[in-house]
Number of protein chains: 2
Amino acid sequence: MNRQPSIPTLEDVAQAAGVSTATVSRCLNEKEKVSKSTLSKVMEAVENLGYTPNFNARAMAARRSNTIGAIIPTMENAIFARGIQAFQVALHEKGYNLLVSSNVYRPELETELIKSLVSRGADGLLLIGHSRDSETYQYLERRGIPSVLAWSMQPGQTHTCVGFDNRASMHPLADKVIELGHRHIGVISGIVEGNDRAQSRLEAIKDSMTAHGLTVDPDMIIQTFYDLDNGSIAFEQLMQKVPTPTAVMCGNDVLAAGAIAKAREMGIKVPEDVSITGFDDIELAKHVYPALTTVHVPHREMGRRAADLLVDLIEDRGSASIIQLDTEVVMRDSLSPPKT
Amino acid sequence: MNRQPSIPTLEDVAQAAGVSTATVSRCLNEKEKVSKSTLSKVMEAVENLGYTPNFNARAMAARRSNTIGAIIPTMENAIFARGIQAFQVALHEKGYNLLVSSNVYRPELETELIKSLVSRGADGLLLIGHSRDSETYQYLERRGIPSVLAWSMQPGQTHTCVGFDNRASMHPLADKVIELGHRHIGVISGIVEGNDRAQSRLEAIKDSMTAHGLTVDPDMIIQTFYDLDNGSIAFEQLMQKVPTPTAVMCGNDVLAAGAIAKAREMGIKVPEDVSITGFDDIELAKHVYPALTTVHVPHREMGRRAADLLVDLIEDRGSASIIQLDTEVVMRDSLSPPKT
DNA sequence: TTGTAGGCGTTATCAG
DNA sequence: CTGATAACGCCTACAA
């Protein structure tokens, strides 16, 4: 009695099957190098004992883990869900597992998370955006850990990446807003520091405004964390400015959804009294009322391509590539010309 | 040249500091057992070399990983976000890391994920709900891996858990709906199979109806996956039934949000033409229009308590406990008496 | 306080 | 096709 819970090991299986551990290992990893008879014998033992290989031991001995890590800014809203999901499905097909962590939008934490993932034996990493100090890249390079950057893509950068030009993507939408006649434009941006996506999107809006001869009033730009409540709060603040904006452009759909909710609460009609735009085209975008005019990003494709790139890198096929994806403004109902 | 990227090991550090690997190990794990002078010497070497301990090796040698795993049905919407977030923060304070996987609402996958987490050396597991075959529990028990169940709690169950009684929680809301005068009630439920939370919530509604002398028409109950689109689709189907429901109760807030969106699209006023209710009280609930009447679940506390329980179990303090949390109906605007 | 040495569960190299 | 056996990087008695 009191038999301690014994976890079966390779050795146990070997014994039960009357072969060496090496053979069992082969049965598990390179079936083709084993005779049919011993294979079935071994597999039976595996079944009976309920054997599950010890991942840590395996990773250590094989010097690879078939695991890749991803660090995303947040899991709290759906912004990254679709892309990561596609990423993980694609990885699965290639025989890799995915480990995701989130840095809760605190870029300082990323380095720590990277180290953690690496120390866990990640064969490769998916990182979001470009903003991080070069030490981090060096760290990865020293250890020979390939990584691909996603969700962003900056002219002139050289690291393997798959993404879209956030600036170029926001541009057409901003142009549209202005061409519709809006002259007083409020902006609810994500926190720009350490976030090149947020920064690029904001810059695109500013650029567009100046290009059209509008002056950008810093007071009409609010930076805040990506979440519904903050979208609401920022919107309320913006609507108190003078002159009141006739359009509010948001750094993403979540912020925009928060803004729309607050508008209704304040009795402000969208888009009659004020237009609101988003970015990302997450599922929520077409479910809010009025449906959100936003920029569609091919998240799924991005995830798939990222997986391809990363695995190629890991398995020594292909080298640094840069894949730029196209985005598209999708006009729905939250944007219209300003009331005259 | 072509110096292969050499990852520093304990041994490297030991050499650089002029001590044994054992001492370095102590400096990293039990500082108090080392003299100040050697400690600083060692730490310096660690810095210089940029040493990061190899997690796999450590887990293997120490026979523990300080890692706990969680398996949630989905990361695609915010249902589990708050609770898991709190869980992870609490764990962090106790010196544990969290690994989360999601089974995308396919209960069959859970077993596989559990094995994966276990083979990765998880010291303990957080599982959602009770529905799983006993083999799984046996598997965990054999290996001495403690687990706590959350998000649910069924009378008479014995496994350590922290949660709320889904049935008892939905009951008051259903009663409320009926007492308001609704006689034709549609239900958009989550898929019941392999999901005790969805099942309990649905049963609560049925119970309440029969208790009030209403007959439950199976045709007025739709089961579907938790997501916005499905909520919309199901709502549309429901509104085509005869007699038309005057209230639609949803298995969670996401479904309800989808229903609300569709209602507007169809020109149906909520709550004037039809009332809609949710469950969970996620952030979205108060941002939709009309704000959702739902059941508030103390997600954060649940996460915290789960962490306490699990770590106690792992560290051999305390034994199986059952913590029941209270939920609360929160009346907002999406529920009103039926039009007479 | 510090060092020595054995072992954790697998994989991989080399003979047989 | 199969079996020894040496790593893999670290922890932990046990000794000194």
Side-chain angles (χ1 to χ4, degrees), chain A residues 4-43 45-46 49-67 115 118-123 143-144, chain B residues 4-43 45-46 49-67 115 118-123 143-144:
Chain A
Q4 55 184 266
S6 84
I7 306 90
T9 73
L10 245 208
E11 177 120 24
D12 297 330
V13 177
Q15 230 152 3
V19 298
S20 75
T21 61
T23 298
V24 178
S25 176
R26 287 189 197 100
C27 291
L28 266 32
N29 307 308
E30 358 176 52
K31 306 189 203 303
E32 68 281 2
K33 295 192 169 181
V34 165
S35 81
K36 273 214 185 298
S37 62
T38 58
L39 180 78
S40 65
K41 204 167 47 180
V42 167
M43 286 325 223
V46 167
L49 296 180
Y51 168 77
T52 319
N54 178 314
F55 176 87
N56 298 106
R58 180 187 289 222
M60 204 161 93
R63 316 179 117 283
R64 67 201 295 290
S65 62
N66 277 306
T67 294
K115 286 189 180 169
V118 169
S119 85
R120 281 188 131 84
D123 295 333
R143 335 229 147 193
Chain B
Q4 54 183 267
S6 85
I7 305 90
T9 72
L10 245 209
E11 177 120 25
D12 297 329
V13 177
Q15 231 153 3
V19 298
S20 74
T21 61
T23 299
V24 179
S25 175
R26 287 188 196 102
C27 290
L28 267 31
N29 306 310
E30 358 176 52
K31 304 188 204 304
E32 66 281 2
K33 295 191 170 181
V34 165
S35 81
K36 273 214 184 299
S37 61
T38 59
L39 181 78
S40 65
K41 206 167 48 182
V42 168
M43 285 326 224
V46 168
L49 296 180
Y51 169 75
T52 318
N54 177 316
F55 176 87
N56 299 107
R58 183 190 286 231
M60 205 161 96
R63 319 181 113 280
R64 67 200 295 288
S65 61
N66 277 306
T67 294
K115 285 189 181 169
V118 168
S119 86
R120 280 189 131 84
D123 295 333
R143 335 229 147 191

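Chain A is the first sequence line, chain B the second, and so forth, proteins listed ahead of strands; every chain is numbered from 1. Worth saying up front: this structure is predicted, and the values here are computed from it rather than measured.
- Proximity of A/T21 to the phosphate of C/dT10: no side-chain N or O atom is located under 4.0 Å from OP1 or OP2.
- Across all their heavy atoms, A/P8 and A/G50 have their closest contact at CG-O, 3.9 Å.
- Counting any heavy atom pair closer than 4.0 Å across all strands shown, B/L10 reaches sugar-phosphate atoms only and no base atom.
- Proximity of B/T38 to the phosphate of C/dT2: a side-chain N or O atom is located under 4.0 Å from OP1 or OP2.
- Residue A/S25 places at least one side-chain N or O closer than 4.0 Å to OP1 or OP2 of C/dT11.
- The two residues A/D123 and A/S65 make their nearest non-hydrogen contact at OD1-N, 3.0 Å.
- Tested against B/K31 for a side-chain contact (heavy atoms from CB on, under 4.5 Å), the candidates B/M43, B/R26, B/K36 yield a single pass: B/M43.
- Phosphate proximity of C/dG9 to A/R58: absent, as no side-chain N or O sits under 4.0 Å from OP1 or OP2.
- Across the interface with DNA chain C, nearest-nucleotide mapping of A/T9 and B/G18 shows B/G18 to be the residue nearer the 5′ end.
- Checking the phosphate oxygens (OP1, OP2) of C/dC8, no side-chain nitrogen or oxygen of A/N54 falls inside 4.0 Å.
- Residue B/N56 places none of its side-chain N or O atoms closer than 4.0 Å to OP1 or OP2 of D/dG9.
- Residue B/V24 is out of contact with every strand shown, counting any heavy-atom pair closer than 4.0 Å.
- With DNA chain D read from its 5' end, the first of the two nearest nucleotides for B/N29 and A/A57 is the one closest to A/A57.
- If you check distances only, the side chain of A/R63 never reaches the base of D/dG9 with a donor-acceptor pair under 3.5 Å.
- B/A22 comes within 4.0 angstrom of a nucleotide base, judged by non-hydrogen atoms across all strands.
- Following rounding to the nearest Å, A/R120 (CZ) and D/dG9 (P) show an atom-to-atom distance of 18 Å.
- Residue A/F55 is out of contact with every strand shown, counting any heavy-atom pair closer than 4.0 Å.
- Regarding B/E30, its CD atom lies at a distance of 9 Å from the P atom of D/dC11, rounded to whole Å.
- Between D/dT2 and A/S20, no contact under 4.0 Å exists linking OP1 or OP2 to a side-chain N or O.
- One can place NZ of B/K31 at 12 Å from P of D/dC11, the figure rounded to the nearest angstrom.
- Distances were taken from every side-chain heavy atom of B/A62 (C-beta onward) to each of D/dG3, D/dT12, C/dT2; the shortest belongs to D/dT12.
- Put simply, CD on B/Q15 is 15 Å from C1' on C/dG3, counting in whole angstrom units.
- The two residues A/T21 and A/E11 have their closest heavy-atom pair at CG2-CA, 3.8 Å.
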